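Quick notes on the structure that follows.
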There are 2 protein chains.
Amino acid sequence: MATLNDVAKKANVSKMTVSRVINHPEQVTDELKELVYEAMRELNYRPNAAAKALANNRTQIIKLLILEEMDTTEPYYMFLLTGIANELDKYAYSLQLLTHNNVQIGDSDGFIVCGMRQEDEALIKSLDKPTVLFGQNDMGIDFVDSNNEESMAKATEYAIEKGYEKIVYIGIAVDEPFARSREKGYTTVMNNHGKEPCIYNLENRSRYSAAFIRENWDMFPKNTLFLCASDRLGLGVIREIKEHDGDIPGDYGVIGHDGVFLDQIAYPNLTTLKQSITEMGAACARMVLKKVNENGKAQGDQLFETELKLGGTTR
Amino acid sequence: MATLNDVAKKANVSKMTVSRVINHPEQVTDELKELVYEAMRELNYRPNAAAKALANNRTQIIKLLILEEMDTTEPYYMFLLTGIANELDKYAYSLQLLTHNNVQIGDSDGFIVCGMRQEDEALIKSLDKPTVLFGQNDMGIDFVDSNNEESMAKATEYAIEKGYEKIVYIGIAVDEPFARSREKGYTTVMNNHGKEPCIYNLENRSRYSAAFIRENWDMFPKNTLFLCASDRLGLGVIREIKEHDGDIPGDYGVIGHDGVFLDQIAYPNLTTLKQSITEMGAACARMVLKKVNENGKAQGDQLFETELKLGGTTR
DNA sequence: AATCGCGGTGTTATCGGTAACAGAATGAAT
DNA sequence: ATTCATTCTGTTACCGATAACACCGCGATT
């Protein structure tokens, strides 16, 4: 592998000049820069991350802290991971995964945290490196998330537009900002249209939403749409409507949320609000690296729109 | 952060002795070792991975190459990843993810490759670092996998034991060793019991297995069990049996394979062959690190047993 | 008693980068 | 012409670890 030194010799300059071309190009004349770029190209120079890390007193490592239990977890993490990993790669950064099983928080330049709940606040605050959350929060920590409120508002509008008379919201029974935002998006639009919100919150498992539908089937006349805060809940609803031989999407509509994997497993395919998971992962990575380079300066929030992805569960 | 030097001073020895205690403890007297361990403990010494990497001309990075397309991918990758990551962590190694979108194969000490197909052989062989596959292969590359043949044999035995008369094998239509092994496990046991194997291979998507059942419903009398090479296929089968108001598990049984996530999504929960994904991930990590330390020496294969996890789709 | 061998420890140079400082060249100001 | 400021480039030391070598003291060998 070619080193800085090799490039320097080839370009007839000192190592330092090459280093400057890479890190502070404005301090080098255009003439030399050209020579150096040329030499780098010819030698196919790739910086040595370890050396860079050592010299900068960095680790070139970002740790991803996953606070949820894996098995209760939605399958979107792989997309998040690839988004993060690919972005980090560009800056010669590595990713390290931390899960509940592996709490040992070694050294890193920064953290990305996901699956956070209120009770994890102390843990997060104890991290002594730049940190970015995946998932909205009201603790004032920089985050990346879908625009949950807007997302559900959009879906509610769509359901109304499609002529479903009754629109039932099935939320996730946790007291977290994302859940409140989704509910709020629904409520706001319902109120705007002079319709009565109808909200139930359940644990996020398909068997609970199925059981809920079963036990309350009489409450749901034809022309009802179930707006679910997750595809998982949506799956259970579909399953149980089918048990009652309900007609989807004619008499009953279902809209889920997340748009990763599960919506395609459903039959008919679930209409869902698809999140841009990979892009959000990349955004997390960019944000945490920026924060690292700016000595931990706050970066604010970044919200991504969801896409209403039509399946066979809505008219 | 405490360094080697700090530890050395505290223990009144040279850096080199401390380094030896870590890497070649047999070269140091017990007396000094004690002193050094003591000092390390007191200072909470953690080796600096970057410095180590630089001195050893290593990267302390293992790359994970995922050759499958993410969206067609089973959701078990997260478990694999955590298994790998946690194990690598123990040796101050980082993980880097490579996907189709990010083919740029930078520097690393070794590779773990998964989702490999025959046509990827050239790519694998071109990797110039110790490589381990997740997934059996007959190209002579070291691998870790479930014991696919034994797994299906076990399931077939179980189905017979439970008194299902007809046992239909629904495989994945790819010409890969893992698929052949699974089929072979089924065939062997069927033959041993003097039963006629009955095999169909489909693309690995629930809609195809559902369609298959629909189109051939007449071929499947009561008391039939469908042994599926994946939970995905199993899901489709269940769905379609329910469409025909078939009684699961009374008249029809279904067994899937993989045991990650999907089996729990199914209703009733799918009886499946659960793979020890996390453990296999750790095994991949150990194997590739061993290979790195032994200059690429072949490590052979490592097979893991699956666990027959009973759900509601078998008697 | 002088020499040899050897286990155990310290010294030096090195891995590939970077910051801080030193020094050379240029043009402007006196 | 001399001085000074400015811009650019090179030199040096260092980040934290390790391999290779040098060295020291000891018992065994002659």
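Numbers restart at 1 for each chain; the letters A, B, ... are given by sequence-line order, proteins then strands. Everything numeric in this text was worked out from a predicted model, so none of it was measured. Note: hydrogens, waters and symmetry copies are ignored here, and every other heavy atom, side chains too, is used.
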Under a plain distance cut-off of 3.5 Å, with no hydrogens placed, do B:Q136 and B:S181 share a side-chain donor-acceptor pair?
yes
Tell me the interatomic distance from A:Q27, atom CD, to C:dG23, atom P, rounded to whole angstroms.
19 Å
Of the candidate nucleotides C:dG16, C:dT18, C:dT9, which contains the atom at the shortest distance from the side chain of A:K52?
C:dT18
Mind listing the residues from residues 2-24 of chain B sitting with a heavy atom below 4.0 Å of DNA chain C? Number order is fine.
B:V13, B:S14, B:M16, B:T17, B:R20
Start and end of the DNA chain D segment that chain A contacts, any atom under 4.0 Å from a heavy atom
D:dC8 to D:dG16
Tell me whether A:N56 contacts the main-chain N or O of A:R58 through its side chain, where contact means a donor paired with an acceptor under 3.5 Å.
no
For residues 18-37 of chain B, tabulate all N or O donor-acceptor pairs below 3.5 Å that involve a side-chain atom, not counting sequence neighbours.
{"unit_1": "B:N23", "atom_1": "ND2", "unit_2": "B:S19", "atom_2": "O", "d": "3.2"}
{"unit_1": "B:K33", "atom_1": "NZ", "unit_2": "B:P25", "atom_2": "O", "d": "3.0"}

For the helix from C:dA1-D:dT30 to C:dT30-D:dA1, what angle lies between the axis at the first five pairs and the axis at the last five pairs, to 10 degrees?
70°
Distance, nearest 0.5 Å, that separates CD1 of B:I277 from CZ of B:F304
10.5 Å
Judged by atom type as modelled, is there a donor-acceptor pair below 3.5 Å linking the side chain of B:E176 to the main-chain atoms of B:Q118?
yes
Would you say the side-chain atoms of B:D109 pair up with the backbone N or O of B:I62, donor to acceptor, closer than 3.5 Å?
no
Take atom CZ of A:R46 and atom C1' of C:dG17, then tell me their distance rounded to the nearest Å.
17 Å
Expected list for residues 31-39 of chain B near DNA chain C, using heavy atoms below 4.0 Å, is B:L32
Salt-bridge present (B:K291, B:D142; N to O < 4.0 Å):
yes
Side chains of B:N148 and B:H257: closer than 4.5 Å at any heavy-atom pair?
yes
Under 3.5 Å, is there a donor-acceptor pair between the B:K290 and B:Q299 side chains?
yes
What residue among A:E305, A:K274, A:Q275 forms side chain to side chain donor-acceptor pair (under 3.5 Å) with A:S146?
A:Q275
Categorize B:N57 for me: base, sugar-phosphate, or nothing, with a 4.0 angstrom heavy-atom threshold over every strand shown.
nothing
Which residues pass the side chain to side chain contact (heavy atoms under 4.5 Å, CB included) test with B:N48, not counting sequence neighbours?
A:L54, B:A50, B:A51
Protein-nucleotide distance (A:M40, atom CE; C:dG16, atom P), rounded to Å
17 Å
For a 4.5 angstrom cut-off between non-hydrogen side-chain atoms, does B:T278 reach B:N86?
no
What closest approach, in Å, do A:V288 and A:P130 show between heavy atoms, and which atom pair accounts for it?
CG2-O, 3.8 Å
